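Remember, predicted model here, so these are calculated numbers, not experimental data. Below, chains carry the letters A, B, ... as their sequence lines are ordered, and counting in each starts from 1. In what follows, every heavy atom counts, from backbone to side chain, and hydrogens, waters and symmetry copies are set aside.
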Amino acid sequence: DSGVTQTPKHLITATGQRVTLRCSPRSGDLSVYWYQQSLDQGLQFLIQYYNGEERAKGNILERFSAQQFPDLHSELNLSSLELGDSALYFCASSATGTRGAEQFFGPGTRLTVL
Amino acid sequence: EDQVTQSPEALRLQEGESSSLNCSYTVSGLRGLFWYRQDPGKGPEFLFTLYSAGEEKEKERLKATLTKKESFLHITAPKPEDSATYLCAVQGEGAQKLVFGQGTRLTINP
């Protein structure tokens, strides 16, 4: 158990809908990262938040947005869903540091868009 | 742009048959190279961080090594429970995101 929690575990929805994925980082970790994992693309970085502020963006679609709340939990919002958005979505957290800090991953949310 | 290539894509071994997985990388200033294990439908599980060429880390039957261009994950006398996908990722200078390779799917037959 990494200490990172994600809900829900599974989500099935229809095209055009909007969903929210939730993540709680490990106790004490200020950074939260979101990654998407699909069969053809592998694990792709979407976005990072640090202590409530957006820190870095990857290949995140404009239909997707995220935020980190004062209690440090984070939500990833996916709207106008398309079939191609079906994937595993992982949240990871890390402590701060000047050298490469390990990221610890949650169990993921499997999104299926029908 | 940071890139990671892992080989082979899949590897099937007999229990007790040692081998190595390769991770080749290009990065602008390496902050860290990370190895993860991922079981089907689960989140990646952290194994090792390597920071500089020549560094080695060990955990049970696994040993990770690092050069300036690649990393190896050596698995000694593997057991069926070592079957998983092994992911390599790099973190470049000035960035905190991880760039992952496609992984090596390892199967250990009893």
Side-chain angles (χ1 to χ4, degrees), chain A residues 1-7 9-10 21 23 25-26 29-51 53-60 87-112, chain B residues 1-10 21 23-25 27-53 55 57 59 62 64 66 71 84-105:
Chain A
D1 186 352
S2 67
V4 179
T5 61
Q6 289 187 249
T7 56
K9 193 170 176 61
H10 300 280
L21 282 53
C23 165
R26 292 187 320 158
D29 284 356
L30 298 178
S31 274
V32 168
Y33 309 78
W34 287 96
Y35 291 85
Q36 179 191 57
Q37 187 174 41
S38 57
L39 282 174
D40 55 343
Q41 294 287 332
L43 262 167
Q44 300 285 319
F45 169 73
L46 295 178
I47 196 164
Q48 177 203 357
Y49 277 81
Y50 172 75
N51 202 21
E53 301 287 327
E54 182 184 302
R55 179 62 67 90
K57 257 184 175 178
N59 297 325
I60 187 167
L88 272 166
Y89 290 85
F90 291 105
C91 166
S93 74
S94 72
T96 58
T98 54
R99 298 184 79 187
E102 295 85 0
Q103 294 180 19
F104 294 88
F105 284 75
T109 293
R110 181 178 294 280
L111 174 66
T112 303
Chain B
E1 187 176 328
D2 301 342
Q3 282 192 323
V4 177
T5 302
Q6 291 186 246
S7 61
E9 285 187 19
L21 314 183
C23 170
S24 296
Y25 65 92
V27 65
S28 53
L30 183 69
R31 291 184 78 181
L33 183 140
F34 304 83
W35 282 98
Y36 287 85
R37 169 195 169 124
Q38 186 176 27
D39 293 302
K42 303 284 182 64
E45 174 190 342
F46 171 74
L47 294 174
F48 303 109
T49 309
L50 300 166
Y51 294 109
S52 56
E55 193 174 356
K57 294 261 179 87
K59 179 181 177 180
L62 299 176
L66 182 65
S71 176
T85 295
Y86 290 85
L87 298 167
C88 171
V90 296
Q91 190 178 68
E93 196 62 49
Q96 288 191 319
K97 70 173 186 179
L98 295 180
V99 176
F100 282 86
Q102 291 292 99
T104 293
R105 190 172 63 255

Margin query: Run the salt bridge (charged side-chain N to carboxylate O under 4.0 Å, His left out) test against Asp2(B) and tell me which residues pass, sequence neighbours left out.
Written below: none

Checklist line | salt bridge (charged side-chain N to carboxylate O under 4.0 Å, His left out) partners of Lys57(B), counting only residues at least two apart | finding: Glu55(B)

Check: Quick one: are Leu21(A) and Trp34(A) in side-chain contact, heavy atoms under 4.5 Å?
Finding: yes

Next item on the list: Mind ranking Gln6(A), Arg55(A), Gln48(A), Arg110(A) by heavy-atom pairs under 4.5 Å with chain B and telling me who comes out on top?
Entry: Gln48(A)

Check: For chain A, which residues from residues 38-48 of chain B lie under 4.5 Å away (heavy-atom distances)?
Finding: Gln38(B), Gly41(B), Lys42(B), Gly43(B), Pro44(B), Phe46(B)

Name the region of [X], side chain, backbone, both or neither, that has any atom closer than 4.5 Å to a heavy atom of chain B.
X: Ser94(A); result: neither
X: Gln41(A); result: backbone
X: Gln103(A); result: both

Next item on the list: With sequence neighbours left out, write down each residue that passes ring pair (Phe, Tyr, Trp, His ring centres under 6.0 Å) with Phe45(A), or none if nothing qualifies.
Entry: Tyr35(A)

Item checked: Donor + acceptor pair across side chains of Ser71(B), Tyr25(B) (<3.5 Å) -> no

Note to self: Looking at Gln96(B), is its backbone amide N or carbonyl O close enough to the side chain of Gln91(B) to form a donor-acceptor pair, meaning the two atoms are under 3.5 Å apart?
What the structure shows: yes

Check: With a cut-off of 6.0 Å (strictly less than), are more than 12 heavy atoms of other residues, nucleotides or ligands near CD of Gln3(B)?
Finding: no

Item checked: Heavy atoms of other groups near Arg26(A) CZ, more than 12 under 6.0 Å -> yes

Next item on the list: Give, as side chain, backbone, both or neither, the part of Leu87(B) having an atom under 4.5 angstrom from any heavy atom of chain A.
Entry: side chain

